[in-house]
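Structure first, then comments.
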Amino acid sequence: MSDDPSLDAAYALDGAEGARRLYRDWAASYDGDFAAVQDYLLPAHVARHFANLGGQGPVLDVGAGTGLCAEGLARAGIGPIDGIDLSPDMLAIARAKALYARLLEADVTGPMDLPHAHYRGIVSSGTFTLGHVGPGAIAGLLAHAAPEALIVLSVNVKHWDSAGFDAAFEALAGRITSPDRQEVMIYGPAADPAHRDDRAWLVSFRTLA
Ligand SMILES: C[S@@+](CC[C@H](N)C(=O)[O-])C[C@H]1O[C@@H](n2cnc3c(N)ncnc32)[C@H](O)[C@@H]1O
């Protein structure tokens, strides 16, 4: 894997160590050189969808990164917001924005020191994607969701098929409502042509009562 902090390097990640290294090198320039230049729409899509579906706090932002999704949640008046992320460097940028009640450095695919059955909402933008997190992490997150919690995750369209999200959601059928999926553009028209047409599903569902 290249250490160059780029989208292609991110999509080619293959483990936690590589992710920590890439996001260490990317954190300081992520909001400016990536999100602004590439017209990165996805965090705002996730936050808006969560708000439009009546989402409420406390909410957990999974793969919080520099806090772009929390910016959208806060604009919609939603809080308190907790966040988890593998990268201490991305979390440091998020922390400086003072949007989160709590930020935890943790791998979402393992045990997380978070309260059980607590969150009325869970959101995630850009983390269920190629080279990052697969559907196996969803079951672990559900342990931290309150009954009837609203969950809105973005899943890269290419990742959906290659990582087996259909089968994973079928296996969760007794624990959550049937997931709804809406397709959105990840980037706006100003993005690099190589990624301008990249798309994600906004997947929404609730835990059962
Ligand atoms: C593309 S960034 C998205 C950040 C932010 N949500 C956004 O939309 O701007 C992906 C984030 O997922 C985090 N990440 C990757 N693998 C992870 C894992 N296994 N557990 C927790 N966070 C992870 C990375 O550190 C990075 O901050």
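Computed from a prediction, not measured in an experiment: that's the story for all the values here. These values consider heavy atoms only, across backbone and side chains, with no hydrogens, waters or symmetry-generated copies. One-based numbering, in listed order, for ligands and for the atoms of each. The first residue of the sequence shown is numbered 1, and numbering continues consecutively from there.
With respect to Asp61 and Arg102, no salt bridge is recorded, no charged nitrogen being found less than 4.0 Å from a carboxylate O. Ion pairing between Glu148 and Arg206 fails under the 4.0 Å rule for side-chain N and carboxylate O.
Here the shortest heavy-atom pairing between Ala76 and Ala51 reads CB-CB, 3.9 Å. The nearest pair of heavy atoms linking Ile151 to Ala145 is CD1-CB, 4.5 Å.
Under 4.0 angstrom from ligand 1, the non-hydrogen atoms of Leu68 all belong to its side chain. Only the side chain of Pro43 comes within contact range of ligand 1, with a heavy atom under 4.0 Å; no backbone atom does. Residue contacts with ligand 1 for Val133 involve side-chain atoms from C-beta outward but no N, CA, C or O (heavy atoms, distance under 4.0 Å). Of the heavy atoms in Ser124, none comes closer than 4.0 Å to ligand 1. Of the heavy atoms in Ala137, none comes closer than 4.0 Å to ligand 1.
Taking a 4.0 Å cut-off on heavy atoms, Ala106 registers as neighbouring ligand 1. At least one heavy atom of Ala64 sits less than 4.0 Å from an atom of ligand 1. Not a single heavy atom of Leu42 sits less than 4.0 Å from an atom of ligand 1.
To the nearest 0.5 Å, atom CG of residue Leu142 and atom CD1 of residue Ile122 are 6.5 Å apart. In this structure, CG in Leu202 is found 9.5 Å from CZ in Arg48, a value given to the nearest 0.5 Å.
Just one residue in the list Tyr11, Tyr40, Phe34 forms a ring pair (Phe, Tyr, Trp, His ring centres under 6.0 Å) with His195, and that residue is Tyr11.
Here is the list of ligand 1 atoms found below 4.0 Å of a heavy atom in Asp107: 18 (C), 19 (N), 20 (N). Near Met90, meaning under 4.0 Å from one of its heavy atoms, ligand 1 places the atoms 27 (O). Distances below 4.0 Å separate heavy atoms of Ser87 from the following atoms of ligand 1: 25 (O). Heavy-atom contacts of Gly126 reach the following atoms of ligand 1: 1 (C), 10 (C) (cutoff under 4.0 Å). Atoms of ligand 1 lying under 4.0 Å from any heavy atom of Tyr30, numbered from 1 in the order shown and given with element: 1 (C), 2 (S), 3 (C), 4 (C), 7 (C), 9 (O).
Residue, atom and distance of the protein heavy atom nearest to atom 27 (O) of ligand 1 are Asp85 OD2, 2.7 Å. With respect to atom 12 (O) of ligand 1, the closest heavy atom belonging to the protein is Thr127 OG1, 3.3 Å. When hydrogens are left out, the protein atom nearest atom 1 (C) of ligand 1 is Tyr23 OH, 3.2 Å; that is the closest non-hydrogen contact.
Backbone and side-chain nitrogen or oxygen atoms of His132 are examined, and none is located within less than 3.5 angstrom of a nitrogen or oxygen of ligand 1. In terms of N/O distances under 3.5 Å, ligand 1 is not approached by Asp61. For Gly63, a nitrogen or oxygen atom sits less than 3.5 Å from a nitrogen or oxygen atom of ligand 1, counting backbone and side chain alike. Not a single N or O atom of Thr109, backbone or side chain, sits closer than 3.5 Å to an N or O atom of ligand 1. Residue Thr66 has no nitrogen or oxygen atom sitting less than 3.5 Å from a nitrogen or oxygen atom of ligand 1, judged on distance alone.
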Exercise for the section: Evaluate the criterion salt bridge (charged side-chain N to carboxylate O under 4.0 Å, His left out) for residue pair Asp25 and Arg20; output intermediate values, then yes/no. Expected result: CA-CA 9 Å; Asp25 295 343; Arg20 275 193 205 91; over 6 Å; no
Problem - Chi angles and distances behind the side-chain contact (heavy atoms from CB on, under 4.5 Å) call for Tyr30, Met90 - result: CA-CA 9 Å; Tyr30 185 90; Met90 295 290 272; 3.6 Å; yes
Practice task
List the steps, then state whether side-chain hydrogen bond (donor to acceptor under 3.5 Å, both in side chains) holds for Asp82 with Tyr119.
Solution key: CA-CA 9 Å; Asp82 288 352; Tyr119 294 100; 2.6 Å; yes
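Side-chain contact check for Asp8 and Ser6: no donor-acceptor pair (N or O, by modelled atom type) lies under 3.5 Å.
For the pair Arg181 and Trp160, the cation-pi test (distance below 6.0 Å, angle within 45°) is passed.
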